[in-house]
Trainee: 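Sending over a structure as structure tokens; questions will come in a sec.
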Amino acid sequence: MIRINENYTKLKASYLFADIARRVSAFVAAHPDRPVIRLGIGDVTEPLPQVCRDALHAATDELGRRETFRGYGPEQGYAFLREAIAQHDFQARGAQVEPDEIFVSDGSKCDLGQLEEIFAKDIRVAIPDPVYPAYVDTNVMAGRTGGNRDGRYEGLVYLESNAANGYVPAPPAGPVDLIYLCFPNNPTGAVATRAQLTAWVDYAKQHQAVILFDAAYEAFVRDPAIPRSIYEIPGARDCAIEFRSFSKTAGFTGVRCAFTVIPKTLMGYDQAGQPHALHALWNRRHTTKSNGVSYPVQRAAAAIYSDAGKQQTRALTDYYLGNAKLIREALTKLGFNCIGGDNAPYIWVNVQRDSWEFFDLLLNQAQVVTTPGAGFGRCGEGHVRISAFNSRANVETALTRIAAALK
Ligand code: PLP
């Protein structure tokens, strides 16, 4: 008899975005004449930058000629991409990251979901609340939690982000072993200062813990005082792994490319207390379970580091940040306290009532889809997330409708 991984039965039955999709479909079926604007799921809407399209075409043509054809590439990614990443994303900002510390992959969701495999099952895991749901669910699947009680899994340490701490949690009083941090944050749009990240790095070093730093939205940081990488903080090479994605930086949600940085100096420990390089463990895992990312996609990703690529991706993120500014201003004018939207494509709106109730109100009265904060964790209750990923015209129409609906 084939038996299942029973940890899967601990997971909440439906996924947040499936619940939202069901409510939106029901509304659309009942009101086919009232078009809905989606500011819910954080998927990009604007076309792929020209440099990326050109690189995809050129690389595809190379694969069409015998002399330039390529088969399997290096599992960790081509040198041309890893060198460009190390130079432009890190070394240019004073952060020490070497090309061979970078693992190219087809998405941060996969990397974030799978990296937990290299750690022991009985470690203490700290996870923010509210949170990008994949961090929690993958640890549930791995058996690091008990059951779900009142919306929280037994065994996890929740790092509460709320108005009182400016939506940036401080390190916990007691020790933990693995810490998930995400800045700029999804869902709150909050960013962490240098001092706040330094406190986390100091804590992690003190407890021989590892920080998994999700920087999927770093390209939206405009405040020069805000670190874009955890490696801008002294000591982070000894306690942090960083995840980056081309999804939101360059509109790659459908193209798929991301990377993970594991410094060679970063250690984990066996039961006897002997150190092991996490880079070597992940390299072993990655080369066993992956054959890397396609050549044209890696060429398209590398294209964003050219001068034209930098301009085009900046224009893309500026466009969404322009939407974010309009959303935050409009919601603030309507009397809501908001954060995010200045260095992030998400606006976290304190609606001071049940978040699903507010979601339904906007869906039914304004035909605008948001994301109810309760779906991101207990601390998300009382909030909705509004995404800036849409066309300017749709954002403007949505804001006019929201203002009319809330009058
Ligand atoms: N991390 C965060 C915080 C995200 O919001 C997302 C996507 O929405 C991801 C990671 C996943 O990115 P990718 O498209 O590279 O899988």
Side-chain angles (χ1 to χ4, degrees), residues 15-18 20-21 38-46 48 52 77 81 85 89 102-116 127-139 159 161 167-169 179-192 211-221 228-230 240-261 286 290 292-294 297-298 300-301 304 313 316-317 320 324 340-341 343-348 370-371 373 375-377 380 385-390:
Y15 184 62
L16 167 65
F17 292 106
I20 295 173
R38 290 162 209 271
L39 302 179
I41 288 186
D43 194 3
V44 294
T45 55
E46 301 310 298
L48 203 58
C52 301
L81 178 55
I85 291 168
D89 280 338
I102 294 164
F103 294 87
V104 176
S105 78
D106 65 344
S108 276
K109 194 183 201 179
C110 323
D111 288 352
L112 279 156
Q114 293 166 351
L115 205 119
E116 59 76 22
I127 295 197
D129 176 2
V131 71
Y132 176 60
Y135 313 155
V136 177
D137 289 357
T138 52
N139 276 286
L159 306 168
S161 313
Y167 299 93
V168 179
I179 301 150
Y180 288 80
L181 294 180
C182 173
F183 294 108
N185 190 263
N186 176 14
T188 68
V191 287
I211 297 171
L212 299 185
F213 189 75
D214 183 350
Y217 297 97
E218 62 77 31
F220 294 86
V221 173
R228 286 168 165 231
S229 166
I230 191 83
I241 292 173
E242 182 161 311
F243 301 86
R244 294 257 186 128
S245 174
F246 294 90
S247 283
K248 311 297 161 70
T249 306
F252 271 48
T253 55
V255 177
R256 312 301 304 144
C257 197
F259 61 91
T260 291
V261 181
H286 196 69
S290 170
V293 177
S294 79
V297 166
Q298 292 193 58
I304 76 162
T313 48
L316 195 58
T317 48
Y320 294 125
N343 293 290
Y346 298 119
I347 297 90
W348 190 237
T370 55
T371 311
F376 296 106
R385 185 191 77 175
I386 304 186
S387 158
F389 292 119
N390 216 312

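For reference, positions follow the sequence shown, starting with 1. Every value quoted in this text rests on a predicted model; they were computed, and no experiment measured them. Whatever order the structure lists ligands and atoms in, that order sets their numbers, starting from 1. All heavy atoms count here, side chains included; hydrogens, waters and symmetry mates do not.
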Trainee: Measure the spacing between CZ of Phe243 and OG1 of Thr260 and express it to the nearest 0.5 Å.
Mentor: 5.0 Å
Trainee: Where does the angle between the aromatic ring planes of His286 and Phe103 fall among parallel (under 30°), tilted (30 to 60°) and perpendicular (over 60°)?
Mentor: perpendicular
Trainee: Return the residue, atom name and 0.1 Å-rounded distance of the protein heavy atom closest to atom 7 (C) of ligand 1.
Mentor: Lys248 NZ, 3.4 Å
Trainee: Return the CD1 to CZ distance between Ile304 and Phe246, rounded to the nearest 0.5 Å.
Mentor: 5.0 Å
Trainee: Whether the side chain of Arg385 engages the backbone of Thr370 through a donor-acceptor N/O pair (distance < 3.5 Å, no angle test) should be reported.
Mentor: no
Trainee: Below 30° counts as parallel, above 60° as perpendicular, anything between as tilted: where do the rings of Phe183 and Phe213 land?
Mentor: tilted
Trainee: Measure the distance from atom 14 (O) of ligand 1 to every protein heavy atom, then report the residue, atom name and distance (to 0.1 Å) of the closest one.
Mentor: Ser247 OG, 2.6 Å
Trainee: Starting from atom 11 (C) of ligand 1, locate the nearest protein heavy atom and write down its residue, its atom name and how far away it is, to 0.1 Å.
Mentor: Tyr132 OH, 3.4 Å
Trainee: Any idea which protein heavy atom is nearest atom 5 (O) of ligand 1, and the distance to it?
Mentor: Tyr217 OH, 2.6 Å
Trainee: Give yes or no for whether the N/O distance cutoff of 3.5 Å, strictly under, is met between Ser245 and ligand 1.
Mentor: yes
Trainee: Quick check on contacts: which atoms of ligand 1 are under 4.0 angstrom from a heavy atom of Cys182?
Mentor: 3 (C)
Trainee: Numbering the atoms of ligand 1 from 1, which are under 4.0 Å from a heavy atom of Asn186?
Mentor: 3 (C), 4 (C), 5 (O)
Trainee: So is there a nitrogen or oxygen of Thr253 less than 3.5 Å from a nitrogen or oxygen in ligand 1?
Mentor: no
Trainee: Give me the nearest non-hydrogen protein atom to atom 12 (O) of ligand 1 as residue plus atom name, then the distance to 0.1 Å.
Mentor: Ser108 CB, 3.8 Å
Trainee: I'd like to check the ring-ring contact (aromatic ring centres under 6.0 Å, His included) partners of Tyr217; sequence neighbours left out, ordered by chain and number.
Mentor: Tyr346
Trainee: Does even one non-hydrogen atom of Phe252 get within less than 4.0 Å of ligand 1?
Mentor: no
Trainee: Of all heavy-atom pairs between Phe259 and Val104, which one has the smallest distance, and what is that distance?
Mentor: CB-CA, 4.0 Å
Trainee: In terms of residue, atom name and distance, what is the protein heavy atom nearest to atom 2 (C) of ligand 1?
Mentor: Asp214 OD2, 3.3 Å
Trainee: Which atom names give the shortest non-hydrogen contact between Ala258 and Ser108, and what distance separates them?
Mentor: CB-N, 3.4 Å
Trainee: Give the atoms of ligand 1, by number and element, whose distance to some non-hydrogen atom of Gly107 is under 4.0 Å.
Mentor: 15 (O), 16 (O)
